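Chain naming here is simple, since letters A, B, ... match the order of the sequence lines and numbering starts at 1 in each. Bear in mind the structure is a predicted one, so any value in this text is a computation, not a measurement.
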Amino acid sequence: MLFLRPMAIVQQIQADVKAAINGLYPDTTAAESFQINQTKPEFEGDYTIVLFGLVKLLKKSPDQLGKEIGDRLIEQSEGRISAYNIIKGFLNLVVSDNYWVGFLESQYKNSSYGNHSPNGQKVMVEYSSPNTNKPLHLGHLRNNFLGWSIASILEASGYEVIKSCIVNDRGIHICKSMIAWQRFADGATPATTGQKGDHFVGEYYVKFNDAYKAELDQLMASGLSKEEAEKEAPIMKAAQQMLVDWEAGDPTVISLWKKMNSWVYAGFDETYKRIGSNFEIVYYESNTYLLGKKTVQEGLEKGVFTQKEDGSVWIDLTADGLDEKLVQRRDGTSVYITQDIGLAQQKYEEYKIDQSIYVVGDEQNYHFKVLKLIAEKLGLPKADGIYHLSYGMVELPTGKMKSREGTVVDADDLVDEMVAIAEQHTRELGKVEGFTGEELKSLYDTIGLGALKFYLLRVDPKKRMVFNPEESIDFHGYTGPFVQYSYARTKSILRKSALPEDLSKLSLQIAGATLLPLEREMVVSLEQFPTIIEQAAKEHSPSSVANYIYNLAKTFNSFLTELSVIRAESEEKRQLRLAIAVMTSNTISSGMKLLGIRVPEKM
RNA sequence: GGUCCGGUAGCUCAGUUGAAUAGAGCAACUGCCUUCUAAGCAGUAGGUCAUUGGUUUGAAUCCAAUCCGGAUCACCA
């Protein structure tokens with residue numbers, strides 16, 4: 001079935017008003033200087049033209065100008081505008097019932113409503129980026145949810161999306177876990193201890209730090225300074241030696257490294273599966289850490305980089321307000337930024353992507369600014385398509401999470417806790433009847449994870465946020481479960497009205513209907529969904545989707561309280577409201593999907 | 001110190017391409033379940049939009065300065 005999506009009504013009105021002004025005042029640029037807003041609820045109308053800019057330019061009174069434009073719109077908008085009123089320089093336009101009903105009729109069966117047609121652009125979203133020395137924590141959850149959501153939003157707005165992940169699987173931190181395991185594990189494995197692999201390996205990372213601290217204390221007690229002790233501590237030396245051996249390809253070290261990483265990956269897989277993250281391509285730093293060296297040579301030849309006497313290679317970014325940045329060490333090895341440039345090139349070569357989005361915390365703002373600048377200066381293809389989706393740290397009421405102080409909120413634990421709270425609430429409300437045990441388990445997962453995802457996504461990414469495990473996660477008000485509940489209510493109505501499950505089999509008669517205020521509010525809101533998706537994609541902002549879906553759900557709840565659907569006052573109203581319920585159901589489900597949140601049939 | 005980000009109700013946050021009386025949720029208080037799920041709805045109360053100055057017919061929004069908080073400026077990643 002083909003659903004031609006009409007132009008968004010805001011844009012349509014904008015074009016109509018422009019045409020009206022150009023018709024009235026052909027020799028001016030006035031048609032460019034007005035604003036259009038959604039009309040405030042206390043006034044009559046759907047959209048409002050702010051006249052002040054025009055008033056100034058055309059030297060007319062707002063009332064006179066408003067009347068001229070309003071009359072012309074009614075005449076020439078092909079029936080879209082049915083009435084208007086002017087209050088203090090605001091021209092409030094009433095969009096006709098006919099338009100709204102026509103819109104509803106054309107879209108209520110459209111299961112992919114809101115999705116834009118392919119735009120031919122390819123974008124890669126890199127997110128998650130775990131280290132293999134410890135399990136995922138709350139901060140990773142914000143990252144994963146953001147990455148998944150922005151990928152879905154871009155997909156819905158017409159991009160071809162490739163999700164990727166770079167795993168930091170090498171380096172001194174992994175060696176620390178390895179050394180600790182060699183010394184303290186006595187052959188234990190996740191299988192023998194019954195632990196999840198990432199947690200198991202993380203424990204040895206902690207054990208390393210404990211042992212290191214003990215050595216430091218001892219060395220300092222014997223008279224060494226803190227700096228000397230840090231240099232001399234045998235366990236740290238062992239870890240550093242192990243890193244050297246790893247780079248040299250020492251078979252025992254490599255084999256231990258592979259073994260421990262495989263435990264971690266098994267653990268990660270479980271977590272990813274649970275929280276709903278996945279990737280089309282996974283990059284490993286052990287494969288990419290040597291990338292970029294060739295680029296350094298090319299950059300030197302192009303004169304983008306300069307080499308100092310000691311052999312180190314730099315780029316001078318002071319003209320761009322930044323500093324000088326090292327891109328290759330004296331000893332010829334590459335640094336972090338160099339690998340990233342190399343990987344950026346590789347991504348482009350492999351996938352011919354137009355945009356490359358990095359979901360990474362805001363502590364790396366500077367790094368990505370530099371990365372993009374270097375890519376631009378090197379003239380790499382699509383360098384301007386590099387975008388750092390930066391997000392703020394998640395803090396606890398007690399302050400920052402610190403692994404050393406054991407105040408890190410573990411991702412698996414948190415998800416378990418959320419699901420347990422969902423179960424507890426559901427039981428307290430007595431809403432467990434009519435479900436099988438399996439269904440209940442899945443319902444608790446849906447609600448618990450929904451609450452968590454919604455909570456982390458509803459906030460503007462770039463803001464730091466406080467996570468209060470006791471109070472912050474609520475199941476009422478502006479939350480995931482509220483939206484899920486609203487969805488369940490739409491489904492309940494659709495079940496009881498005995499409509500066919502298959503949307504294409506629906507044939508509701510709604511043409512010519514008139515709209516009550518809440519019916520109108522619903523349709524107005526539904527009509528905005530495609531625009532919201534477009535805007536969320538442009539601004540890389542899942543929070544605007546969360547905000548929109550919440551408001552839609554909220555309006556629907558008011559609608560249900562005020563108006564009966566199944567027992568409507570007339571058959572005409574019943575059909576109209578069913579169409580609204582069908583489309584709302586659809587839109588909530590699609591919107592939540594963009595946030596990576598499932599919706600329940602019943603709750 | 002340089003650069004960047006943030007500061008809106010008791011708390012958590014929307015609103016920041018300038019526009020009508022600054023909006024939600026939580027917490028507090030009032031009502032509403034013989035009526036499609038009360039995880040809901042309706043309402044009350046709660047604000048010097050960090051401060052000061054400027055631009056403008058109009059500023060939470062733009063500009064400048066100041067204060068507070070954070071990040072960053074490694075031959076770490």
When the C1' atoms of B:C68 and B:A27 are compared, how many Å lie between them, rounded to an integer?
26 Å
So what does A:Val565 hit on the nucleic acid, given a heavy-atom distance under 4.0 Å: a base, only sugar-phosphate, or nothing?
base
Sugar-phosphate, base or nothing in reach of A:Phe43, heavy atoms under 4.0 Å:
base
Given A:Gln575, which of A:Glu572, A:Glu571, A:Arg577, A:Lys573 fulfils the side chain to side chain donor-acceptor pair (under 3.5 Å) condition?
A:Glu571
Between B:C36 and A:Arg577, is there an OP1 or OP2 to side-chain N/O distance shorter than 4.0 Å?
no
Could you say whether the aromatic ring of A:Phe52 and the base of B:G58 stack, counting only centre distances under 5.5 Å and plane angles under 30°?
no
Given side chains that start at C-beta, do those of A:Asn365 and A:Lys369 come closer than 4.5 Å, heavy atoms only?
no
Starting at the 5' end of RNA chain B, which residue's closest nucleotide do you reach first, A:Asp362 or A:Tyr478?
A:Tyr478
Across the strands shown, which category fits A:Phe482 at heavy-atom distances under 4.0 angstrom: base, sugar-phosphate, nothing?
sugar-phosphate
Tell me, with the steps shown, if A:Asp46 and A:Thr39 meet side-chain hydrogen bond (donor to acceptor under 3.5 Å, both in side chains).
CA-CA 5 Å; A:Asp46 300 312; A:Thr39 305; over 6 Å; no
Does A:Asn92 get its side chain close enough to the base of B:A20, under 3.5 Å, for a donor-acceptor pair?
yes
Exactly one of A:Phe467, A:Phe145, A:Tyr550 clears ring-ring contact (aromatic ring centres under 6.0 Å, His included) with A:Tyr455, and that residue is A:Phe467
Just call it for A:Ser492: base, sugar-phosphate, or nothing, with non-hydrogen atoms closer than 4.0 Å on any strand.
base
Which sits closer to the 5' end of RNA chain B, A:Asp323 or A:Glu601, going by the nucleotide each is nearest to?
A:Glu601
Tell me whether the side-chain N/O atoms of A:Lys88 come closer than 4.0 Å to OP1 or OP2 in B:U21.
yes
For A:Ile447, report the nucleic acid contact type (base, sugar-phosphate, nothing); a contact means any heavy atom under 4.0 Å.
base
With sugar-phosphate meaning primed atoms plus P, OP1 and OP2, does A:Ile172 contact a base, only sugar-phosphate, or nothing at under 4.0 Å between heavy atoms?
nothing
Does some side-chain heavy atom of A:Leu552 sit less than 4.5 Å from a side-chain heavy atom of A:Met522?
yes
Taking atom C1' in both B:G70 and B:C29, compute the distance separating them and give it to the nearest angstrom.
37 Å
C1' atoms of B:U17 and B:A59, separation to the nearest Å:
14 Å
What distance, rounded to whole Å, do you find between the two P atoms, one in B:U21 and one in B:G25?
22 Å
Students often get this wrong, so: under 4.0 angstrom with heavy atoms, is A:Thr333 touching a base, only sugar-phosphate, or nothing?
nothing
Counting just side-chain N and O atoms, does A:Arg458 come under 4.0 Å of either OP1 or OP2 of B:C26?
no
Taking the C1' atom in each of B:U16 and B:U61, what is the distance between them to the nearest angstrom?
4 Å
Base, sugar-phosphate, or nothing for A:Arg495, non-hydrogen atoms under 4.0 angstrom?
nothing
Taking the six-membered ring for Trp and the full ring for Phe, Tyr or His, determine whether the centres of A:Phe208 and A:Tyr205 are under 6.0 Å apart.
no
Using OP1 and OP2 only, check whether a side-chain N or O of A:Arg489 sits under 4.0 Å from B:A38.
yes
Under 3.5 Å, is there any donor-acceptor pair linking the side chain of A:Ser486 to the base of B:A39?
no
Taking A:Asn261 as the fixed residue, which of A:Asn133, A:Val201, A:Thr132 is the one that meets the side chain to side chain contact (heavy atoms under 4.5 Å, CB included) rule?
A:Thr132
Hey, is B:C33 sitting syn or anti, using the within-90° cutoff around 0?
syn
With distance as the sole criterion, do the side chain of A:Asp310 and the base of B:C75 form a donor-acceptor contact below 3.5 Å?
yes
How is A:Asn551 classified with respect to the nucleic acid when contacts are heavy atoms under 4.0 Å: base, sugar-phosphate, or nothing?
nothing
Given the C1' atoms of B:C5 and B:A42, what is the spacing between them in whole Å?
40 Å
Reckon A:Met393 touches a base, only the sugar-phosphate, or nothing at all at heavy-atom distances under 4.0 Å?
nothing
Distance, C1' atom - from B:U51 to B:C13, rounded to whole angstrom
23 Å
Hey, is NZ on A:Lys293 packed in by over 12 heavy atoms from elsewhere, all under 6.0 Å?
yes
Can we call the ring centroids of A:Tyr387 and A:Phe368 under 6.0 Å apart?
no
When you check the phosphate oxygens OP1 and OP2 of B:G25, does a side-chain N or O of A:Thr479 lie under 4.0 Å from one of them?
no
With a 3.5 Å cut-off and just heavy-atom distances, do the side chain of A:Lys431 and the base of B:A39 make a donor-acceptor pair?
yes
Counting the atoms with a prime plus P, OP1 and OP2 as sugar-phosphate, which does A:Thr426 contact under 4.0 Å by heavy atoms, base, sugar-phosphate, or nothing?
base
Considering only the P atoms, how many Å lie between B:C26 and B:C41, rounded to the nearest integer?
9 Å
Would you please confirm or rule out a distance under 4.0 Å between OP1 or OP2 of B:U72 and any side-chain N or O of A:His367?
no
Give one of base, sugar-phosphate or nothing for A:Leu51, where a contact means two heavy atoms less than 4.0 Å apart.
nothing
For a 4.5 angstrom cut-off between non-hydrogen side-chain atoms, does A:Val432 reach A:Tyr444?
yes
For B:G70 and A:Lys463 - does any side-chain N or O of the residue sit under 4.0 Å from the phosphate oxygens OP1/OP2?
no
Contact class for A:Glu285 vs. all strands (heavy atom < 4.0 Å): base, sugar-phosphate, or nothing?
sugar-phosphate
Check whether any side-chain N or O of A:Lys325 sits under 4.0 Å from OP1 or OP2 of B:C75, and answer yes or no.
no
Residue-phosphate contact under 4.0 Å: A:Lys554 side-chain N/O, B:G25 OP1/OP2
yes
Every stem of 3 or more Watson-Crick or G-U pairs under 3.5 Å that RNA chain B joins, in order of first number, is B:1-7 with B:67-73, B:10-13 with B:23-26, B:28-32 with B:40-44, B:50-54 with B:62-66
